[in-house]
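If you're wondering where the values come from, they're calculated on a predicted model, not measured in any experiment.
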Amino acid sequence: MEQAVTALTVDNEFLRSRQTARPWDGPAVAESDESQRELAAEYLLGQHRAQQDGPRHLVIVHNYPRPGAEYGNGFVHRRVKLYQQAGVTVDVVVTGPRVAQRIYEYDGVRVLSGSSPLLRAFLALVDHGGVREAGGDRRTKEGPGGLRRTYSSASTHFLNDQIWAAVGDYRKQLDWYVYVHGFEARHWVRTLCNIGLDDPALPKQVAATARRQWFWRHVLEADDGPAGYIFVSDWWRRACQQDMHVVFPAGRTSVINNVIDDRLFYPGTGRQQRMADDRFRIVWVRSASRPNYGADLAARALELLRATPYWDRLQISIIGEGPCMSEFTDRFGEDANVGIEERFASQQEVSNLYRAHGIALVPSRLDTQGVSRDEAMACACVPVTNAVAAIPEFVDGTESVLAPAEDAEAMAAGVIELFDDAEEYLRRSQRAAENVQNRSLPAQTIARELLLMGLGEQ
């Protein structure tokens with residue numbers, strides 16, 4: 001309660017200081033230069049060569065995986081790959097103030113990246129007919145232009161004011177769907193675990209929240225706003241409305257979970273059942289960049305397990321990148337049964353790790369869904385997590401160890417129960433796999449997205 005009152009005081013002080021501030025009116029977008037127009041043309045030409053028969057979709061996002069930075073919105077990439085496999089041609093444009101201007105390919109997906117003027121140049125070129133190879137002139141028009149003629153629909157993940165402004169006059173020409181995932185539409189208080197009330201960066205976080213609130217109010221009031229809004233959980237839909245002080249139109253709002261690709265994440269060859277001894281193999285594999293991922297909670301739970309007679313039977317793998325990895329290296333660097341690797345793990349490696357272990361540590365302080373947890377469950381790992389944010393919408397303890405918030409002791413106690421009862425471990429493992437199979441596979445997620453955005457068949 002004391003923390004909540006302090007947070008409200010900080011908010012009120014900021015709002016008093018900005019009583020005369022202008023409402024959100026959007027950033028200015030610079031004119032495109034010739035190099036940006038040339039790069040957009042080069043990208044479109046390559047996409048024209050590779051275009052499949054069938055619908056075409058545009059994805060606009062602020063970050064995307066690339067060689068050397070594979071963590072960048074991997075769940076967006078997974079969608080794109082599944083759209084491609086469904087016969088959709090997908091153009092991907094990554095845009096932001098510090099995004100390098102280039103064309104690159106990642107795992108079979110060609111990506112155009114750069115600043116807002118590049119996105120504007122790209123949209124203008126498509127609107128005027130694009131490019132094709134014809135008599136050696138790569139700037140020859142394809143025919144009648146128009147974004148609506150080219151794209152069956154478009155989608156944006158993590159909409160921000162720069163993307164909104166860059167799309168500008170083209171919004172009316174796009175059947176545009178906006179995925180609202182988390183940080184782009186939440187109140188600073190939700191990530192207090194990452195910054196703290198005494199952090200010198202706090203005033204910027206408070207100001208950013210106010211700006212986001214102004215921005216989302218503007219988006220929802222706009223006549224040329226998105227055709228639809230997609231949330232990954234109902235908890236997040238409600239929390240976002242509370243945080244941004246807005247109401248998303250019910251008729252244009254959908255809740256569709258992030259997809260878990262069952263061709264990658266599954267228990268094993270032939271979907272074999274778990275063995276009882278799998279419960280003694282524990283894995284933690286995720287980003288260690290922020291405290292909200294709970295590395296300290298996982299490390300504390302492992303410390304408690306180290307004090308039990310089971311410790312010498314355990315095989316533990318810890319893989320991740322970020323400053324929070326010190327929670328593990330400082331405490332378990334000398335333990336022979338704990339392997340710690342400070343590095344990125346690819347999706348295939350993550351799948352292999354989950355199938356090689358029987359229990360996955362996925363503590364959390366904030367999740368709008370919990371993709372890492374679901375990936376582990378799809379592989380029949382029993383997840384160990386916390387009943388915070390959206391997590392109880394996805395697991396209830398019959399397929400998991402679901403501890404209260406901040407309770408590493410309950411996490412460890414739940415794991416010990418599974419050590420003591422092999423049959424219960426096997427039951428929860430089976431339920432974990434069934435949970436994801438009934439909720440988050442492509443048939444329940446990607447198929448709905450494709451249908452919603454005019455890319456699939458009724």
Side-chain angles (χ1 to χ4, degrees), residues 43 47 51-52 54-65 72-96 99 106 109-113 116 119-120 122-123 126-127 147-168 170-185 215-216 219-220 222 224-233 236-237 240 248-249 251-259 261 368-369 371 442 444-456:
Y43 177 82
Q47 292 298 91
Q51 186 168 1
Q52 308 176 63
R56 188 168 178 176
H57 183 75
L58 172 63
V59 173
I60 304 170
V61 66
H62 79 294
N63 193 15
Y64 198 80
N73 290 342
F75 55 89
V76 178
H77 174 65
R78 185 54 44 194
R79 277 185 172 86
V80 170
K81 292 294 291 182
L82 289 167
Y83 290 2
Q84 288 178 331
Q85 291 165 19
V88 180
T89 298
V90 185
D91 296 348
V92 177
V93 180
V94 183
T95 184
V99 174
Y106 179 81
V109 177
R110 288 183 76 246
V111 178
L112 173 66
S113 77
S116 298
L119 172 58
R120 180 69 67 86
F122 172 86
L123 294 172
V126 176
D127 190 42
L147 290 164
R148 197 176 296 275
R149 285 181 60 89
T150 301
Y151 294 113
S152 302
S153 56
S155 61
T156 294
H157 298 262
F158 301 102
L159 177 65
N160 57 41
D161 55 3
Q162 292 192 351
I163 292 175
W164 175 264
V167 176
Y170 302 106
R171 288 193 291 265
K172 289 184 178 180
Q173 298 185 51
L174 289 168
D175 289 323
W176 187 21
Y177 294 82
V178 170
Y179 287 80
V180 189
H181 290 284
F183 77 83
E184 80 277 32
F215 169 64
W216 283 103
V219 170
L220 286 163
D224 55 357
Y229 302 91
I230 303 171
F231 293 83
V232 297
S233 63
W236 173 231
R237 178 191 62 81
C240 177
F248 288 87
R252 290 189 285 138
T253 300
S254 304
V255 174
I256 304 176
N257 300 161
N258 280 310
V259 66
D261 188 351
T368 57
Q369 174 175 337
V371 172
Q444 296 95 5
T445 57
I446 295 300
R448 288 183 61 199
E449 293 179 15
L450 294 176
L451 186 61
L452 177 66
M453 296 189 292
L455 303 170

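Note: Trp176 CH2 to Ser155 OG = 10.5 Å, rounded to the nearest 0.5 Å. For the atom pair OG1 of Thr89 and CG of Leu58, the computed distance is 12.5 Å after rounding to the nearest 0.5 Å. The line from CG of Leu147 to CG of Asp127 is 5.0 Å long, rounded to the nearest 0.5 Å. For the atom pair Tyr229 OH and Ser254 OG, the distance stands at 12.0 Å (nearest 0.5 Å). How far OG1 of Thr156 is from CG of Leu174: 8.5 Å, rounded to the nearest 0.5 Å. Distance CG/Leu450 to OG/Ser152: 10.5 Å, rounded to 0.5 Å.
Considering every non-hydrogen atom in both Trp164 and Gly225, the closest pair reads CH2-CA, 4.0 Å. For the pair Val180 and Trp236, the tightest heavy-atom approach, listed with the atom from each and the gap, is O-NE1, 2.9 Å. Considering every non-hydrogen atom in both Leu123 and Val167, the closest pair reads CD1-CA, 3.9 Å. When all heavy atoms of Val111 and Val94 are compared, the closest pair comes out as CG1-CG2, 3.5 Å. Contact detail for Arg56 and Leu455: the closest heavy-atom pair is O-CD2, 4.2 Å. Across every non-hydrogen atom of Leu220 and Phe248, the tightest pair is CD2-CD2, 3.8 Å.
The closest side-chain heavy-atom distance from Asp91 to Leu112 is not below 4.5 Å. Inter-residue side-chain proximity for Ile446 and Arg79 is flagged as met; some heavy-atom pair is nearer than 4.5 Å. Proximity of Asn257 to Gln369: side-chain heavy atoms (C-beta onward) are separated by under 4.5 Å at one or more points. Looking at Leu452 and Ile230, their side chains come closer than 4.5 Å, going by heavy atoms from C-beta outward. Counting only heavy atoms from C-beta outward, the side chains of Met453 and Tyr83 approach each other to under 4.5 Å. Considering only heavy atoms from C-beta on, Tyr170 comes within 4.5 Å of Arg120 through its side chain. In this structure, the side chains of Val126 and Tyr151 come closer than 4.5 Å at one or more pairs of heavy atoms. Side-chain atoms of Ile163 and Phe158, non-hydrogen and from C-beta on, never get closer than 4.5 Å to each other.
Tyr106 meets the ring pair (Phe, Tyr, Trp, His ring centres under 6.0 Å) test with His77; sequence neighbours excluded. Partners of Arg252 by salt bridge (charged side-chain N to carboxylate O under 4.0 Å, His left out), not counting sequence neighbours: none found. Legend: residues meeting ring pair (Phe, Tyr, Trp, His ring centres under 6.0 Å) with Phe122, ordered by chain and number and at least two apart, are absent.
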In sequence, state the C-alpha distance, the side-chain angles, and the governing distance for Val90 and Val109, and then conclude on side-chain contact (heavy atoms from CB on, under 4.5 Å). CA-CA 8 Å; Val90 185; Val109 177; over 6 Å; no
Report the C-alpha distance between Glu184 and Asn160 in whole Å, list the side-chain angles of each, state the deciding distance to 0.1 Å, and finish with yes or no for side-chain contact (heavy atoms from CB on, under 4.5 Å). CA-CA 7 Å; Glu184 80 277 32; Asn160 57 41; 5.8 Å; no
Kindly determine whether Tyr64 and Ser113 satisfy side-chain contact (heavy atoms from CB on, under 4.5 Å), including the steps that lead there. CA-CA 9 Å; Tyr64 198 80; Ser113 77; over 6 Å; no
Mind running side-chain contact (heavy atoms from CB on, under 4.5 Å) on Asn258 and His181 for me, showing each step along the way? CA-CA 10 Å; Asn258 280 310; His181 290 284; 3.8 Å; yes
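Side chains of Glu449 and Tyr177: no donor on one and acceptor on the other come within 3.5 Å.
Checked options Asn73, Leu159, Val99; the residue passing with His62 is Asn73 (criterion: side chain to side chain contact (heavy atoms under 4.5 Å, CB included)).
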